[in-house]
Amino acid sequence: MDAEMIENIRANVRYYRIVKGLSGRQLSAAIGLSPTWICCFESGIIRESTPENLQMLAKALGKKMSDLIKPPKAVIQKISPEEAERGLQNLERIRKQKGRPVRQFEMDIGLCEGHLYKALAGRRKFALETWWKVAEALDMDLKTLIGRTD
């Protein structure tokens with residue numbers, strides 16, 4: 001495996017781990033390796049890994065190896081209030097285009113009952129992980145969903 005492929009895998013493991021809401025410790029327990037190994041792999045200290053370990057990572061993350069090898073999505077670390085507002089406006093536009101009631105759309109994108117409704121009403125904010133999960137459920141780049149242009 002070449003260096004670029006390993007870098008893609010490294011970035012995608014981190015991305016999918018966070019999207020699934022898993023800590024390094026939880027992922028390591030799922031694959032039978034130490035939390036230190038996960039940290040060192042994601043940060044690049046471990047430069048290579050066995051195909052078996054990579055396959056276990058993919059399985060634990062609910063992905064195929066081909067998903068991990070693809071160039072990684074840009075990992076957004078922070079969403080401004082303005083971007084969150086644009087994201088909610090885009091979600092509402094998408095919901096209406098699909099002709100779905102709010103509750104059904106919440107279920108479609110993996111949100112708990114009332115989560116989107118409360119966010120649209122200004123009574124709740126999405127955590128960064130929620131934004132990633134929503135973008136993933138819509139098969140949409142998070143940058144596009146929140147209207148980030150950089």
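Residues Asn90 and Leu145 share a closest heavy-atom pair of ND2-O, 2.7 Å. Between Trp131 and Phe126, the shortest heavy-atom contact is NE1-CB, 3.2 Å. The nearest pair of heavy atoms linking Cys40 to Ser43 is O-OG, 3.3 Å. Ile46 and Glu48 make their closest contact through CG2-O, 2.9 Å (heavy atoms, listed as atom of the first residue, atom of the second, distance). The minimum heavy-atom distance between Ala60 and Ala30, with the atom names listed, is CB-CB, 4.1 Å.
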task = Decide side chain to side chain contact (heavy atoms under 4.5 Å, CB included) for Leu142 and Ile79; before the verdict, give the C-alpha distance in whole Å, the side-chain angles of both, and the deciding distance to 0.1 Å.
result = CA-CA 10 Å; Leu142 180 53; Ile79 295 177; 4.2 Å; yes
inquiry  = Pair Asn8, Lys70 - check side chain to side chain contact (heavy atoms under 4.5 Å, CB included), show working.
reply    = CA-CA 6 Å; Asn8 288 353; Lys70 291 177 187 173; over 6 Å; no
ask   = Run the side chain to side chain contact (heavy atoms under 4.5 Å, CB included) check on Leu54 and Val13 step by step: do they pass?
value = CA-CA 9 Å; Leu54 298 177; Val13 164; over 6 Å; no
task = Could you check Met5 against Ile69 for side chain to side chain contact (heavy atoms under 4.5 Å, CB included), going step by step and ending with a plain yes or no?
result = CA-CA 6 Å; Met5 216 180 267; Ile69 293 171; 3.5 Å; yes
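The same ILVMFWY cluster, assembled from side-chain heavy atoms under 4.5 Å apart, contains both Val134 and Met140. Residue Leu128 is grouped with residue Leu61 when hydrophobic side chains (ILVMFWY) are merged at heavy-atom distances under 4.5 angstrom, including chains of intermediate members. Residues Ile94 and Met107 do not share a hydrophobic cluster, clusters being chains of Ile/Leu/Val/Met/Phe/Trp/Tyr side chains in contact below 4.5 Å.
Glu92 places a side-chain heavy atom less than 4.5 Å from the side chain of Lys96. In this structure the side chain of Ile38 reaches within 4.5 angstrom of the side chain of Leu57, judged on heavy atoms.
Residues passing the side-chain contact (heavy atoms from CB on, under 4.5 Å) test with Thr149, sequence neighbours excluded: none. Cys39 meets the side-chain contact (heavy atoms from CB on, under 4.5 Å) test with no other residue; sequence neighbours excluded. Applying the salt bridge (Lys or Arg N to Asp or Glu O under 4.0 Å) criterion to Lys78, with sequence neighbours excluded, gives no partner residue. Residues satisfying the salt bridge (Lys or Arg N to Asp or Glu O under 4.0 Å) test with Arg100, not counting sequence neighbours, are Asp108. For Glu136, the salt bridge (Lys or Arg N to Asp or Glu O under 4.0 Å) partners are Lys63, Lys73, not counting sequence neighbours. Taking the salt bridge (Lys or Arg N to Asp or Glu O under 4.0 Å) definition, one finds that Lys59 meets it with nothing, sequence neighbours left out. The side chain to side chain donor-acceptor pair (under 3.5 Å) search around Glu82 returns Ser80, not counting sequence neighbours. Partners of Phe105 under the ring pair (Phe, Tyr, Trp, His ring centres under 6.0 Å) rule, at least two apart in sequence or in another chain, do not exist in this structure.
Open room surrounds CZ on Arg47; 12 or fewer heavy atoms of other groups in view lie less than 6.0 Å from it. Under a cut-off of 6.0 angstrom, the local environment of CD in Glu4 is sparse, with at most 12 non-hydrogen atoms contributed by other residues, nucleotides or ligands.
Note that CZ of Arg86 is 13.0 Å distant from CZ of Arg93, once rounded to the nearest 0.5 Å. Rounded to the nearest 0.5 angstrom, Gln104 CD and Ile109 CD1 are separated by 11.0 Å.
Residues in residues 29-61 take part in these ring pair (Phe, Tyr, Trp, His ring centres under 6.0 Å) pairs, two or more places apart or across chains: Trp37-Phe41. For residues 5-24, the salt bridge (charged side-chain N to carboxylate O under 4.0 Å, His left out) pairs, not counting sequence neighbours, are Glu7-Arg10, Arg17-Glu42. Residue pairs meeting the salt bridge (charged side-chain N to carboxylate O under 4.0 Å, His left out) criterion with at least one partner in residues 21-35, sequence neighbours excluded, do not occur; the list is empty.
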Side-chain donor-acceptor pairs of residues 110-121 under 3.5 Å, sequence neighbours excluded:
none

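Not a single donor-acceptor pair under 3.5 Å links the side chain of Asn12 to the backbone N or O of Ile9.
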